[in-house]
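Structure first, then comments.
All values below come from the heavy atoms of this structure, side chains included, with hydrogens, waters and symmetry mates left out. Nothing here was measured: the structure is a model prediction, and the numbers come from that model.
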Amino acid sequence: MADVARLAGVSSQTVSRVSNGHSVVSEETRERVLAAMRKLNYRPNSAARALKSGKFRTLGVILFTLATTGNVRTLEAISASAADEGYAITLLPVATPTSTGVRGAVTVLGEQVVDGIIVIMEVRLLDAAISLPPHTHVVVADSDAGDRYSVVDTDQSGGARAAVQHLLDLGHRSVVHVAGPAESFAAQRRAHAWRQTLKEAGRPVPPPVGGDWSAASGYAAGLALAADPSCTAIFAANDQMALGVLRALHEQGRRVPDDVSVVGFDDIADSASFLPPLTTVHQDFAEIGRLCVDGVLRQIRNETTERGTTLVPTRLVVRASTAPPPPG
C-alpha cells in the first residue's frame with residue numbers, strides 16, 4: 001500500500017479509501033491510485049480487511065440434501081444473488097435433519113467466519129424445532145418457523161389450489177394426488193391445499209398416493225392409478241413424479257390428456273419437453289434466492305429484526321397435459 005501511495009503521490013489512507021470504494025476520493029485521484037495499483041500488480045488483502053472491519057462478505061448456507069430440484073434451484077438462486085451483492089457463499093450440508101445437527105453446522109460456519117446464515121429447511125427436524133444460537137443473522141427457506149425466524153417460502157398452498165381448481169374447472173369430478181414425502185414442509189402444504197380445495201368444492205377426496213419426489217415413485221403411483229377407470233385427473237406434487245406418472249399411463253394405454261389429465265409442480269426446465277408438455281405450477285426460485293440474501297443482509301446491516309414468513313407467489317402454466325374428462 002505504501003508503494004502504491006508513493007507512485008500515485010497520495011497518502012496510504014487515500015489508497016485505503018480507494019480500495020474500500022469510499023466516495024470521498026475525487027475521480028482524478030481515484031484513477032491515479034487505480035493506475036498505480038495496476039502497474040504494481042497490487043491486490044488488497046481481503047483477509048486483513050475482514051479482520052479489521054469484522055465483515056467477511058461471506059454467507060453460510062446449511063441444507064440437508066442436494067438431491068431435490070427445489071433445493072438445487074434455491075441454492076443456485078442464493079449463490080447468484082449473493083454474488084450480485086459482492087458476497088461469496090460457504091455451503092455446509094448436514095447429514096441428518098436434527099436441531100443438534102443444525103446447531104453444530106452453525107458453530108462450524110462461525111469458525112469459518114461468515115457474516116450470516118441461510119438455512120434451506122425443507123424437512124421437519126427429527127428431534128425438535130429449529131433452535132439457533134441467539135444473535136445469529138439467519139433467514140430460513142421453506143419452513144414453518146416464521147414465529148421464530150425470518151422465513152422465505154413459495155406460496156405452496158396457493159399453487160396447489162390453482163392446480164386442483166384448474167382440473168375441476170375443466171369438468172373433472174375429483175383429483176387424485178400423488179404426494180411428496182410426509183416429512184417435507186412443501187409436500188405437507190401442497191397435500192393440505194389439494195384436500196381443502198376438493199372439500200370446499202363439495203367433491204370426493206380420494207386417498208393420496210405416496211411418493212418420494214422421484215420419477216420412479218411417480219411411475220409406481222401411475223401404474224396403480226392407471227388401473228382405476230374412475231381416475232381422470234392427477235395432481236403430482238412435483239414435476240419429476242408427474243414424469244413417472246406420464247410414463248406409466250402411456251404404458252398402460254391411458255392417453256394424456258384424452259383419458260387422464262396430469263398437473264405437476266415446480267415448472268422445471270424440461271417440463272415443456274415432456275410428452276405431452278406438462279401443465280404445472282411455476283415457482284420463482286430466483287426471487288426466493290434474492291429475498292433470502294436480502295433478508296440476511298438487512299439483518300447484518302441492522303436494518304431489521306423482523307420475524308415472519310414472506311410468501312413468493314406461484315403461477316399455473318397450462319400446457320397440453322390437461323383437458324376436459326372423457327365423455328360418459
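Closest approach of S81 to G289, counting heavy atoms only: OG-C, 3.6 Å. For the residue pair T232 and P326, the shortest heavy atom distance occurs at CG2-CD, 4.3 Å. Among all heavy-atom pairs drawn from R30 and V25, the shortest one is NH2-O, 3.4 Å. When all heavy atoms of P204 and S174 are compared, the pair lying nearest together is O-OG, 2.6 Å. In plain terms, the two heavy atoms of G146 and V151 that are nearest each other are N-CG2, 3.6 Å. Considering every non-hydrogen atom in both P229 and A227, the closest pair reads CD-O, 3.3 Å.
Expressed to the nearest 0.5 Å, how far CG of L297 lies from SG of C292 amounts to 11.0 Å. Here S99 contributes atom OG and L125 contributes atom CG; the two are 6.0 Å apart, rounded to the nearest 0.5 Å. For the atom pair CD (E76) and CD1 (I288), the distance works out to 12.5 Å, reported to the nearest 0.5 Å. If you take CZ on R290 and CG on D84, they are separated by 10.5 Å, rounding to the nearest 0.5 Å. Note that OG1 of T98 and CG of D127 are 4.5 Å apart. Values are rounded to the nearest 0.5 Å. In this structure, the separation between CG on D144 and CZ on F185 is 4.0 Å, given to the nearest 0.5 Å.
Looking at heavy atoms from C-beta onward, I120 lies in side-chain contact with I78 at the 4.5 angstrom threshold. Here the side chains of V4 and M1 are not in contact, with every heavy-atom distance at 4.5 Å or above. A heavy-atom distance below 4.5 Å is found between the side chains of V102 and F64. In this structure, L63 and T74 have side chains that are not in contact, with every pair of non-hydrogen atoms separated by 4.5 Å or more. Side chains of D153 and L311 form a contact here, defined as non-hydrogen atoms less than 4.5 Å apart. Using a 4.5 Å heavy-atom cutoff, the side chains of S321 and P276 are in contact. Contact of the Q165 side chain with the T197 side chain is registered, since non-hydrogen atoms from C-beta on lie closer than 4.5 Å. Between V18 and R32, the closest side-chain pair of non-hydrogen atoms is not below 4.5 Å.
T280 and D239 share a donor-acceptor pair across their side chains, judged by distance under 3.5 Å alone. Judged purely by distance below 3.5 Å, without hydrogens or angles, the side chains of Q188 and R124 pair a donor atom with an acceptor atom. Remark: the H166 side chain and the T322 side chain contain an N/O donor-acceptor pair separated by less than 3.5 Å.
Within the structure, the salt bridge (charged side-chain N to carboxylate O under 4.0 Å, His left out) test picks out the following pairs touching residues 311-328 (sequence neighbours left out): D267-R319.
D212 places no side-chain N or O within donor-acceptor distance of the main-chain N or O of P181, the cut-off being under 3.5 Å. The backbone N or O of V138 sits less than 3.5 Å from a side-chain atom of Q299, completing a donor-acceptor pair. Side chain of R254 to backbone of G222: no donor-acceptor contact under 3.5 angstrom is found. For H172 (side chain) and A323 (main-chain N/O), a donor-acceptor pair under 3.5 Å exists by modelled atom type. Using modelled atom types, one side-chain atom of W194 and one backbone atom of V175 make a donor-acceptor pair closer than 3.5 Å. A distance-only check finds no donor-acceptor pair linking the side chain of R195 to the backbone of V205 [under 3.5 Å]. No donor-acceptor pair under 3.5 Å is formed between the side chain of H282 and the backbone N or O of V317. At least one donor-acceptor pair closer than 3.5 Å links the side chain of R57 to the backbone N or O of E85. Within the 3.5 Å criterion, the main-chain N or O of V312 finds no donor-acceptor partner in the side chain of D155. Looking at N71, its side chain does come within 3.5 Å of a backbone N or O of T65 through a donor-acceptor pair.
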Evaluate T14 against S11 for side chain to side chain contact (heavy atoms under 4.5 Å, CB included), listing each step before the verdict. CA-CA 5 Å; T14 298; S11 67; 3.1 Å; yes
Would V106 and I117 satisfy side chain to side chain contact (heavy atoms under 4.5 Å, CB included), going step by step from the backbone distance to the final call? CA-CA 8 Å; V106 171; I117 295 171; 3.8 Å; yes
Take M37 and V15, measure what side chain to side chain contact (heavy atoms under 4.5 Å, CB included) needs, and give me the verdict at the end. CA-CA 9 Å; M37 287 180 175; V15 175; 3.9 Å; yes
Before giving the answer on side chain to side chain contact (heavy atoms under 4.5 Å, CB included), spell out for E251 and Y219 the whole-Å C-alpha distance, their side-chain angles and the decisive distance to 0.1 Å. CA-CA 10 Å; E251 289 182 356; Y219 177 72; 2.5 Å; yes
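With sequence neighbours excluded, the residues forming a ring pair (Phe, Tyr, Trp, His ring centres under 6.0 Å) with F235 are H177, listed by chain and number.
Under the 4.5 Å side-chain heavy-atom criterion for ILVMFWY residues, a single connected hydrophobic cluster contains both V281 and L168.
Each of V123, I118, V119 was evaluated against M121; a single residue qualifies, V119, per the side-chain contact (heavy atoms from CB on, under 4.5 Å) test.
With a 4.5 Å cut-off between side-chain heavy atoms of Ile, Leu, Val, Met, Phe, Trp and Tyr, the cluster of F274 takes in V176, V178, V209, W213, L225, I234, M241, L243, V245, L246, L249, V256, V260, V262, I268, L278.
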